[in-house]
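For ligands, and for the atoms within them, numbers begin at 1 and follow the listed sequence.
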Amino acid sequence: MPARLAILASGRGSNLQAILDAIAAGRLDARIVGVFSDRPDAQALQRVPEPLRWSRTPKACGGREAFDAVLADAVAACEPDWIVCVGYMRILGDAFVQRFTGRILNIHPALLPNHKGLHTHQRALEAGDAEHGASVHFVNAELDAGAVIAQAQVPVHPGDDADTLAARVLAVEHPLMVKVLQLAAAGRLAERNGQATLDGQALFTPLSLESMAT
Ligand code: GRF
């Protein structure tokens, strides 16, 4: 049975497109059961057929908590195996995280625990980092602090600005997200006591693109 994926996205949706392409190519045994957005104009929504699109604004729902509750019900109605945040720009509230605990993944454009939050590329440049990259992690109640599953590194080049660096990171985000979802879809990935596990073994070091190559 293909894994059922609910996607949360606020913007462009290039990571969602990478997932859709992997499914279409037979490289990912999964099915998108819904794309959920806090922004009705998100380009990500346009990447799936109309019946799979869901969007509301927090304002229209009467605030952040109410929005989270409506979102959680809509997501639950799709019976997802995994909830995948790809460029979802809101913090998921405690109630949402509790309801789907151990089943929510997020891709973050930095090598966690470095540069949690926003503007990661600019901050990597300002810190003088020689390496930057992306992380896929389980979502818990604290921002960008859940167990890291996998990371991909890129070099920072002299003369980089936030845009050139973002583009280099994005190029590794797509395969990283797909590789992690392959493991998730195969039932090999779990979270236990706040720790990511692969085949039941704790992951003390995040997986890399190379280690997931086979
Ligand atoms: C990605 O860099 C992701 O890591 C970050 O937001 C960006 C979303 O890109 N959280 P896209 O919408 O998938 O193109």
Handout entry: Contact check, Gly13 vs ligand 1, heavy-atom distance below 4.0 Å
Key =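 Under 4.0 Å: yes for Gly13.
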
Practice task
Just let me know how Glu173 lines up against ligand 1, side chain, backbone, both or neither, with a heavy-atom cut-off below 4.0 Å.
Solution key: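 The answer is the side chain.
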
Exercise for the section: Could you pull out all residues at least two apart from Asp38 that satisfy side-chain contact (heavy atoms from CB on, under 4.5 Å)? Expected result: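 side-chain contact (heavy atoms from CB on, under 4.5 Å) check on Asp38 returns Ser10, Pro58, Phe67, Tyr88, Arg90.
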
Exercise for the section: Describe, in one word, how the ring planes of His115 and His132 are oriented to each other, choosing from parallel (under 30°), tilted (30 to 60°) and perpendicular (over 60°). Expected result: perpendicular

Exercise for the section: Report the relative orientation of the aromatic rings in Trp54 and Phe36; use parallel for angles under 30°, tilted for 30 to 60°, perpendicular for over 60°. Expected result: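 Aromatic pair Trp54/Phe36 classed tilted.
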
Exercise for the section: Check for a donor-acceptor pair, side chain of Arg123 on one end and backbone N or O of Lys116 on the other, with a separation under 3.5 Å. Expected result: yes

Handout entry: Backbone or side-chain N or O of His108 under 3.5 Å from ligand 1 N or O
Key = no

Can you report which non-hydrogen protein atom sits closest to [atom], along with the distance?
atom: atom 8 (C) of ligand 1; answer: Gly87 CA, 3.6 Å
atom: atom 11 (P) of ligand 1; answer: Ser14 N, 3.4 Å
atom: atom 9 (O) of ligand 1; answer: Arg12 NH2, 3.1 Å

Handout entry: salt_bridge(Asp199, Arg188) N-O dist < 4.0 Å
Key =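 A salt bridge links Asp199 with Arg188.
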
